[in-house]
Amino acid sequence: MKNAIELQEVHKSFGTTKIIHDVSLAIRDGERHAIIGPNGAGKSTLFNLISGRYEVSAGRILLHGADITNLRPFEINRQGLSRSFQVTNIFHNMTVYENIRCGVLWSAGYRYSFWQRVGALKEVKQRAEEVMERIGLAKRRNLSAGTLTYAEQRALEIGVTIAGGANVILLDEPTSGMSRTETAHTVELVRTITEGKTLVMVEHDMGVVFGLADRISVLVYGEVLATGTPEEIRGNPAVQEAYLGALHKEANHA
């Protein structure tokens, strides 16, 4: 099976502080892959390296076999990778429809065509309508994004993430801060919209992880401790000792 993303001996340091240590990881094309680990393990840093927000200190990152190491985020996005953020990142003063349309425009080939009226672009409108239907916000299309509930805003951000047609989706804690009902709804949304795509997610909710992921990588102190199916990770003694032990310490200090 081909790899959608491949990390080869990736390192990341901030000054003398090493955050990511010699990470090699292959994420298969079309799989749902979760990256888990205790707070401070380097999960968000790894996401930022893959998506181009941070520069790699050493090593290489490949996207569908092409070297994307230290490309800028928009260059990586043009090659078919899109991501969401842990903190909701939408245009609060724009409508739901306008937010989705922003995500569609670049992939539709209009780039910086200032002489064209956005409202007259039928294919853009059609794609935006399709995305709103898929994320369950079609009836709220004319509302300002800032007036949506938290769960709806997260759904909207996911909608913007997929609007451009990327085939590799990175979701950073998509269910963070949600109730059980909201989480269950978001899990089904993510399952539906990533069908046939490659999904990489960082997530703390183990119910979400084990319910969605085909494979899981455990990151501890900037290193990949283990990668495997949910069943393999559940039964891995090293994971139980290092990761679950760290979670127990976090809970005791909460």
Side-chain angles (χ1 to χ4, degrees), residues 44 47-48 50-53 72-179 181-203 208 212:
S44 291
F47 253 40
N48 286 329
I50 295 171
S51 62
R53 199 175 189 199
R72 290 173 291 182
F74 73 88
E75 293 173 322
I76 296 173
N77 179 261
R78 290 176 190 174
Q79 295 193 37
L81 182 146
S82 187
R83 68 162 292 181
S84 72
F85 290 85
Q86 185 175 347
V87 178
T88 305
N89 189 29
I90 55 177
F91 298 107
H92 286 77
N93 293 326
M94 294 171 61
T95 67
V96 169
Y97 172 72
E98 289 168 340
N99 269 272
I100 297 296
R101 185 174 62 186
C102 286
V104 175
L105 278 169
W106 186 274
S107 65
Y110 292 101
R111 309 303 194 262
Y112 302 112
S113 300
F114 296 108
W115 58 87
Q116 291 180 304
R117 293 179 57 194
V118 174
L121 303 176
K122 292 182 179 180
E123 63 271 40
V124 171
K125 183 177 184 295
Q126 181 178 350
R127 171 63 180 164
E129 297 284 358
E130 290 172 355
V131 172
M132 287 188 297
E133 284 287 348
R134 294 190 70 186
I135 62 174
L137 293 178
K139 293 182 179 179
R140 305 177 77 75
R141 67 189 311 283
N142 295 320
L143 292 181
S144 294
T147 66
L148 300 177
T149 67
Y150 175 73
E152 288 173 333
Q153 289 183 2
R154 295 296 282 176
L156 177 59
E157 184 180 17
I158 292 172
V160 173
T161 303
I162 67 166
N167 51 34
V168 179
I169 307 295
L170 275 58
L171 299 182
D172 196 351
E173 298 197 28
T175 67
S176 176
M178 293 186 183
S179 67
T181 300
E182 291 170 335
T183 294
H185 175 76
T186 301
V187 166
E188 288 309 309
L189 170 63
V190 171
R191 192 191 311 278
T192 299
I193 65 174
T194 58
E195 190 70 39
K197 299 179 184 292
T198 303
L199 168 66
V200 188
M201 65 176 178
V202 167
E203 180 58 64
V208 173
L212 266 178

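Excluded from the calculations below are hydrogen atoms, water molecules and symmetry mates; all remaining heavy atoms, backbone and side chain alike, are included.
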What are the two closest heavy atoms between [X] and [Y], and how far apart are they?
X: L137; Y: V96; value: CB-CG1, 4.1 Å
X: A145; Y: N99; value: CB-ND2, 3.7 Å
X: A128; Y: Y97; value: CB-CE1, 3.6 Å
X: M201; Y: V208; value: CE-O, 4.1 Å
X: T95; Y: N142; value: CG2-O, 3.6 Å

Within the 4.5 Å heavy-atom criterion, are [X] and [Y] side-chain neighbours or not?
X: F47; Y: R53; value: no
X: I76; Y: S51; value: no
X: H92; Y: Q153; value: yes
X: L212; Y: T194; value: no
X: F91; Y: V160; value: no

*Can R154 and E157 be counted as an ion pair, charged N to O under 4.0 angstrom?*
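Yes, charged N to carboxylate O under 4.0 Å.
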
Nearest 0.5 Å, what's the [atom1]-[atom2] distance between [X] and [Y]?
X: R127; Y: R101; atom1: CZ; atom2: CZ; result: 15.5 Å
X: L81; Y: E75; atom1: CG; atom2: CD; result: 13.0 Å
X: I158; Y: S84; atom1: CD1; atom2: OG; result: 6.5 Å

*asked:* The test is side-chain contact (heavy atoms from CB on, under 4.5 Å); show your working for I135 and I100 and say whether it passes.
replied: CA-CA 11 Å; I135 62 174; I100 297 296; 4.1 Å; yes

*salt bridge (charged side-chain N to carboxylate O under 4.0 Å, His left out) partners of residues 136-151, not counting sequence neighbours, each pair once*: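 Sorted pair list: E129-R141, R140-E152.
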
*asked:* I'd like to know if the side chain of S82 reaches the main chain of I169, judged simply by a donor and an acceptor atom lying under 3.5 Å from each other, with no hydrogens or angles considered.
replied: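 No.
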
*Do any N or O atoms from the side chain of S179 and from the backbone of E182 form a donor-acceptor pair under 3.5 angstrom?*
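Between the backbone of E182 and the side chain of S179 there is a qualifying donor-acceptor contact (under 3.5 Å).
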
_So, applying side-chain contact (heavy atoms from CB on, under 4.5 Å) with L170, which one of V200, T161, L199, N48 is it?_
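So the option named by the test is V200.
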
*salt bridge (charged side-chain N to carboxylate O under 4.0 Å, His left out) partners for E98, two or more places apart*: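 Listed in chain order: nothing, the list is empty.
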
*For T147, what residues pass the side-chain contact (heavy atoms from CB on, under 4.5 Å) criterion, not counting sequence neighbours?*
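Once residues adjacent in sequence are excluded, the partners of T147 under the side-chain contact (heavy atoms from CB on, under 4.5 Å) criterion are L143, S144.
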
